[in-house]
Each structure stands twice: as structure tokens, then as C-alpha cells.
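A quick write-up on the structure given underneath.
Predicted model, so just to flag it, every value in this text is computed and none were measured.
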Amino acid sequence: MPLKDKIYYSSIWILLWLINYIWWFISTISFIVEIIIYWSIFFIFYIIYKKIKKDENYLNYKDYLILFIKKISLSFLIIIILLWVFWYYQNIISPAKMPQFTITNWKKVVVFQAMSHIWTQNFYNQIKNEIIKYKKEWYVYFFEWVKPWTKQNSKKFNKAIWIKFDKNLYKNFSKLYWVVNQDNSIFLWLVNNKDFNVDLTIDEIIKLYNKKIDKLDKNEIKKQLPKNIIDINSQIIDALSKLNPKQLEVIRFFNKAMLNVILKNQIIQNTIMKNFTNKTLFDVILTQRNKNIVKNIENSKYKKIFITYWLLHFNWVLNLLKKDDQNWKITKIKYFYPIR
């Protein structure tokens, strides 16, 4: 058998094995039936084309079927291999890095550890060890964690953000990404009790948001508010219930690769920020919380501070600090791998 045919037939068996492995036997049969249907459609167009060209030299239905299956199988396999190589590179060879910035104005030292609410447990354990290390060097701990809020403002926040936001949201998201949701309790009461929440409450966010909304015209407000609130939790649970363990494994590997791509690409991050549906709310969530962090740093009696906060806040926080004191500068950057 020629090498070319060996490659074709091998691709057919590998593709069928992959489909059977991930989607099981019924899906394999379904795939074969779909191939035959598409072959029939393409064969009809093939014959019509030959007739129009008045070309009598054309393949019969059997030979065309064999050629069609060979080409389709090889094409699918090449696409799968390329995707897998891309995912493997992003997740294993070159995963995204999460920075830890050390900044100072020569009066105070702040270690700003960039965070997100869903990463690997190994990453969170590393950050826990960092907090222990710095606290032993007489640092205090400032952390991001939205404080309790009223039921009324919770509903207003959900409407503003278009999503039903509750305590299970990050937990359910983490199931789709092969990671865990952040448990902030593991960072507290380490070495000493000098832990300070420097975040805003939903009540405070909604109060600031309402002030901004009052200044907008009605048409602009309508654009930023949805007709219906999306229940992401229910959608995720429903999606997970339809996946078998092997399908979930593939989805998670793909999702992790996408997380790594977004984290490594500032252009993508900026695009996401610019296209955030409710720009007024996003401005409050980002800008007002930045101001609150800066106020806590500047007014704190402590000279050494370790902070865990969302990555997007750092540049804004540093610029705000510099606005009040030009001596603030980055003295050290250390990296962790949150999704490796």
C-alpha cells in the first residue's frame, strides 16, 4: 500500500477512535451517517459540475465516497492536531504568568499580588505561603473581597451587570476550567491577625453607580440595562449535566488554554474592558475601588503592606499613587503560574 493511502486510512481510524473515545459509540455512528449524507450532496454537485463542463471522465459513486472519506478524515485530523498543539502550548509549554509587584515611595513598601477568583489550588497555596513569608517580615495583609450587602442592592447589582451574581457563581465557573474558586479564608489569620478588607460593599458600589446613572439620559440608561437577568449558574449546571467525563475533560483543557491566551494578551484584555456591556458600572467597579485601595494605602499607619487584588487594578493604583507622590516606583516583579 502506498504511503499516501496509509496516511489516509490511519487518519480515518484515528478520527473514529477519537470520536468514540470522547462522544461514545452512538456519536461515532451518527458521524458516519452525516459523512454519507454530505458525500451524497457533494457527489450530486460533482456530477452536475462535470456535466456542465462536458467532462465524461468522472469518478463513480463508490470511488468518490472513498476519496471523500479520505479527504474529510485527514482534514478533520489535521484540524484536531493543530488545535491540540495550540492548547498544549498554552497550557503546558507557555502558560500565562501572574505578576507580583513590589512598589515603594521609600516611606512605605507595598507588595501587590495580582489575583483572580478562579485559578489552580497550587497557585492559591503559593500565595498563601507568600503571605506567611511577608507577615513574618512584619507586613500586614490588605485583601479584595466584596463585603456583605442588602438584598435590595443585590438585585440592583444583578440587573446592572446583566447576570445573577451569587456565592456559587465562581464555584460553578471553576468546574468549566479545571480550576478551583478562590477561598479567601485560607489567606486570613496567618502569623497574625493584621488582615484588612480594603474593598467596597455592593451597597457602596450601587450608591456610586446610582449617582453616575442619574447624570445619564434615559436612552443611554436603557442601553446599559437588560430586559432579563441571565442566570449563569443554571446555564453552567445544565451544560455540565449534558457532558460525560471525557467531554468535560476536553472542554476544560480548551477553556484553560483560552484563559492563558487572554491573560497573556493585553489587547484582548483591553477589548473585553471596552466592550463591557454596562460601562457605567464597570467604571465604578474599577475606578472607585482603585481609589479606595489608594486611600487605604496612603492613610494606613503600617509601612509594609501585602495586597491581593484583581490584576486589572494594579496599573491604575500605581498611577493614582504617583499622582499624589511621584516617588512611587516598581522595584521588583515576581511571577507565578496560576493555570499550570
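One hydrophobic cluster, built from ILVMFWY side chains closer than 4.5 Å, holds both Ile81 and Ile72. Residues Tyr337 and Tyr88 do not share a hydrophobic cluster, defined by chaining ILVMFWY side chains whose heavy atoms lie under 4.5 Å apart. Grouping the Ile, Leu, Val, Met, Phe, Trp and Tyr side chains by contacts below 4.5 angstrom, directly or via other members, places Trp138 apart from Phe142. One hydrophobic cluster, built from ILVMFWY side chains closer than 4.5 Å, holds both Ile79 and Val261.
In this structure, CZ on Arg289 lies 12.0 Å from CG on Leu208, to the nearest 0.5 angstrom. To the nearest 0.5 Å, the span separating CD1 on Ile69 from CG on Leu74 amounts to 13.5 Å. If you take CG on Asp325 and CG on Asn105, they are separated by 5.0 Å, rounding to the nearest 0.5 Å. How far OH of Tyr134 is from CG of Leu190: 15.0 Å, rounded to the nearest 0.5 Å. A distance of 7.5 Å separates CD1 in Ile339 from CE in Met98, rounded to the nearest 0.5 Å. Considering CD1 of Ile127 and CG of Asn122, their distance stands at 9.5 Å, rounded to 0.5 Å.
Ser185 and Asp183 share a donor-acceptor pair across their side chains, judged by distance under 3.5 Å alone. Side-chain contact of Gln288 with Asn292: a donor-acceptor pair under 3.5 Å is absent, judged by distance alone. Inspection of the Gln113 and Glu130 side chains reveals no N or O donor paired with an N or O acceptor under 3.5 Å.
A donor-acceptor pair under 3.5 Å is absent between the side-chain atoms of Asn193 and the main chain of Trp189, judged by distance alone. Of the possible polar contacts, none joining the Glu204 side chain to the Leu200 backbone as a donor-acceptor pair under 3.5 Å is found. In this structure, the side chain of Thr287 engages the main chain of Asp283 through a donor-acceptor pair within 3.5 Å. At least one donor-acceptor pair under 3.5 Å links the side chain of Asn260 to the backbone N or O of Ala96. Between the side chain of Lys135 and the backbone N or O of Asn192 there is at least one donor-acceptor pair closer than 3.5 Å. Looking at Glu144, its side chain never comes within 3.5 Å of a backbone N or O of Val198 through a donor-acceptor pair. Asp199 places a side-chain N or O within 3.5 Å of a backbone atom of Trp145 that can act as its donor or acceptor partner. Side-chain atoms of Asn91 come within 3.5 Å of backbone N or O of Ala257 as a donor-acceptor pair.
What you find for Val191 and Ile132 is that their closest heavy atoms are CG2-O, 3.8 Å. Nearest approach of Pro338 to Thr120, heavy atoms of both residues: O-OG1, 2.9 Å. Among all heavy-atom pairs drawn from Ile297 and Ile307, the shortest one is CD1-CD1, 3.7 Å. Scanning both residues, Ser116 and Tyr124, for their nearest heavy atoms gives O-OH, 2.9 Å. Here the closest non-hydrogen pair linking Leu311 and Ala114 is CD1-CB, 3.4 Å.
More than 12 heavy-atom neighbours from other residues, nucleotides or ligands sit within 6.0 angstrom of NZ on Lys334. Shown here is Phe336, whose CZ atom has more than 12 heavy atoms of other residues, nucleotides or ligands within 6.0 Å. Heavy atoms from other residues, nucleotides or ligands lying under 6.0 Å from CZ of Phe196 number more than 12. Atom NZ of Lys50 has more than 12 heavy atoms from other residues, nucleotides or ligands within 6.0 Å. Crowding of Lys133 atom NZ: a count of heavy atoms from other residues, nucleotides or ligands under 6.0 Å exceeding 12.
Here the rule is side chain to side chain contact (heavy atoms under 4.5 Å, CB included) with Leu320, and of Asn315, Asn290, Ile293 only Asn290 fits it.
Side-chain contact between Thr102 and Val109 is present, with heavy atoms from C-beta onward closer than 4.5 Å. Side chains of Ser11 and Lys70 form no contact here, defined as non-hydrogen atoms less than 4.5 Å apart. A 4.5 Å side-chain heavy-atom check between Phe101 and Phe314 finds at least one atom pair inside the cut-off. The shortest distance between side-chain heavy atoms of Leu321 and Ile103 falls below 4.5 Å. Inter-residue side-chain proximity for Lys194 and Tyr139 is flagged as unmet; no heavy-atom pair is nearer than 4.5 Å. Contact of the Phe187 side chain with the Met115 side chain is registered, since non-hydrogen atoms from C-beta on lie closer than 4.5 Å. Residues Leu286 and His313 have side chains in contact (heavy-atom distance under 4.5 Å, counting atoms from C-beta outward).
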Steps toward side chain to side chain contact (heavy atoms under 4.5 Å, CB included) verdict (Ile205, Thr201): CA-CA 6 Å; Ile205 290 171; Thr201 65; over 6 Å; no

Under the criterion side chain to side chain contact (heavy atoms under 4.5 Å, CB included), I'd like the reasoning laid out for Ile333 against Gln100: C-alpha separation, chi angles, the key distance, then a yes or no. CA-CA 6 Å; Ile333 303 176; Gln100 178 191 100; over 6 Å; no

Any chance you could lay out the side chain to side chain contact (heavy atoms under 4.5 Å, CB included) test for Lys264 and Gln90, step after step, and finish with the verdict? CA-CA 10 Å; Lys264 290 190 291 184; Gln90 298 298 336; 2.6 Å; yes

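Figure legend: Lys97 and Tyr335 shown as a cation-pi pair, the cationic atom lying under 6.0 angstrom from the six-membered ring centre and within 45 degrees of its axis.
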I'd like a table of donor-acceptor pairs (distance under 3.5 Å, sequence neighbours excluded) in which one partner is a side-chain atom from residues 33-48, with atom names and distances.
from, atom 1, to, atom 2, distance (Å)
Ser40, OG, Ile36, O, 2.9
Tyr46, OH, Leu59, N, 2.9

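Considering only residues two or more places apart in sequence or on other chains, Phe86 meets the ring-ring contact (aromatic ring centres under 6.0 Å, His included) condition with none of them.
Ring planes of Tyr309 and Phe112: tilted class, angle from 30 to 60°.
Here side-chain hydrogen bond (donor to acceptor under 3.5 Å, both in side chains) pairs that include residues 294-308, with residues two or more places apart or in two chains, are Tyr141-Thr308.
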